[in-house]
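Just follow the structure's listing: the first ligand is 1, and inside any ligand the first atom is 1.
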Amino acid sequence: MIGSARIELATVDSTNKHAADLLHLTEVQHGTVILAREQTFGRGQRDRPWRSQPGLDLTFSVVLRPDGLDAGHQFVLAQFAALAVRDALQRIGVPDVMVKWPNDVLVGPRKVAGILIQNELQGGRVRHSVLGIGLNVNSDGDVDGALATSVRLELGRTVDPEALLTGLLDRLELRWRQALGHRAGLEADYRDALWGRGRWLPMELDGAPIEARPLEVDAEGRLLVELQGGAVAPFGLDRLRFGPR
Ligand code: BTN
């Protein structure tokens, strides 16, 4: 089960890197959590730095072994993780939590959590996966200078990071079972949680500014958008980005 084994570190460069190093050295069981009080070299999407406040925020990674998952369907890992973070925040009363494609978690327009999933593929399947989560709990949030927030700022009170982690691990386990057993439900929940769905938003397509309307995500994890003029097409992160908020 997710969280039944736990490695706690005072300081580490990056919990994702630590998990990857462990996986090269030894058998790490599915669900093992690697939690660090402080990361000195936390990393996010596109190798951006991920900063958090030691002891105030949550930075951890989970080793996943998604038995036989087809590499073409690896986006289900992003869906399960983002929805679990959303669930855990909703359960403690954070309002308006949405998932910005592919897997940022926002409160209103502000980012509260980032997710970095690193998969090792073998023969067209996911051999194992490292799911890294950075959640701004009691800090002011600091996400690449972007519009950011924290749970404390949203609730107006401090929150025990350990209690939040316990709730989040529970939700990860529940959503994991859903990902294995009832993927249609997971996909429907992701669609409902999709930030900006149905709204015309500034985006960048192949580096050029456009306005587009996110509709949903396809099985490969591409965002289906309506373009001005009415055409609807799916795009991956290699071509499509959200524009400045
Ligand atoms: C992003 O939004 O760009 C993803 C941020 C992911 C940060 C987490 S913190 C725990 C784990 N270790 C890392 O170095 N990164 C992830």
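- Which parts of ligand 1 touch Asp104 is read off a 4.0 Å heavy-atom cut-off, strictly below it: atoms 2 (O).
- Under a 4.0 angstrom heavy-atom cut-off, Lys111 registers as being in contact with ligand 1.
- Tested against His30 for a side-chain contact (heavy atoms from CB on, under 4.5 Å), the candidates Val63, Asp67, Ile2, Val62 yield a single pass: Ile2.
- Between Phe75 and Tyr190, the ring planes lie perpendicular to each other; the angle is over 60°, past the 30° to 60° tilted range.
- Using a non-hydrogen distance threshold of 4.0 Å, Arg48 does not register as a contact of ligand 1.
- Ion pair Glu204/Arg241 not flagged as a salt bridge, since none of the NZ, NE, NH1 or NH2 atoms sits closer than 4.0 Å to an Asp/Glu carboxylate oxygen.
- Ligand 1 places these atoms under 4.0 Å from at least one heavy atom of Gln45: 1 (C), 3 (O), 4 (C).
- Cluster partners of Val232, by chain and number: Leu215, Leu224. The rule joins Ile, Leu, Val, Met, Phe, Trp and Tyr whenever side-chain heavy atoms lie under 4.5 Å apart.
- Of the N or O atoms in Trp50, none lie within a sub-3.5 Å distance of an N or O in ligand 1.
- Closest heavy-atom approach to atom 4 (C) of ligand 1 among the candidates Thr40, Ile115, Asp57: Ile115.
- Within ligand 1, the atoms closer than 4.0 Å to a non-hydrogen atom of Gly42 are 14 (O), numbered from 1 in the order shown.
- Residue-ligand proximity, Thr15 to ligand 1, at heavy-atom distances under 4.0 Å covers atoms 10 (C), 11 (C), 12 (N).
- Val12 pairs in a side-chain contact (heavy atoms from CB on, under 4.5 Å) with only one of the listed residues (Lys17, His18, Glu38), which is His18.
- Under 4.0 Å is where a charged nitrogen must lie from a carboxylate oxygen, and between Glu8 and Arg6 at least one such pair does.
- Atoms of ligand 1 found under 4.0 Å from any heavy atom of Gly44 (numbered from 1 in listed order, with element): 1 (C), 3 (O), 4 (C), 5 (C).
- Among the atoms of Gln39, some N or O lies under 3.5 angstrom from an N or O of ligand 1.
- A salt bridge links Arg175 with Asp189: the distance from a Lys NZ or Arg NE/NH1/NH2 to an Asp or Glu carboxylate oxygen falls below 4.0 Å.
- Classification of Glu187 and Arg191 as a salt-bridged pair fails, no side-chain N sitting under 4.0 Å from a carboxylate O.
- Residue Ser61 places no N or O, backbone or side chain, under 3.5 Å from any N or O of ligand 1.
- Within ligand 1, the atoms closer than 4.0 Å to a non-hydrogen atom of Phe60 are 10 (C), numbered from 1 in the order shown.
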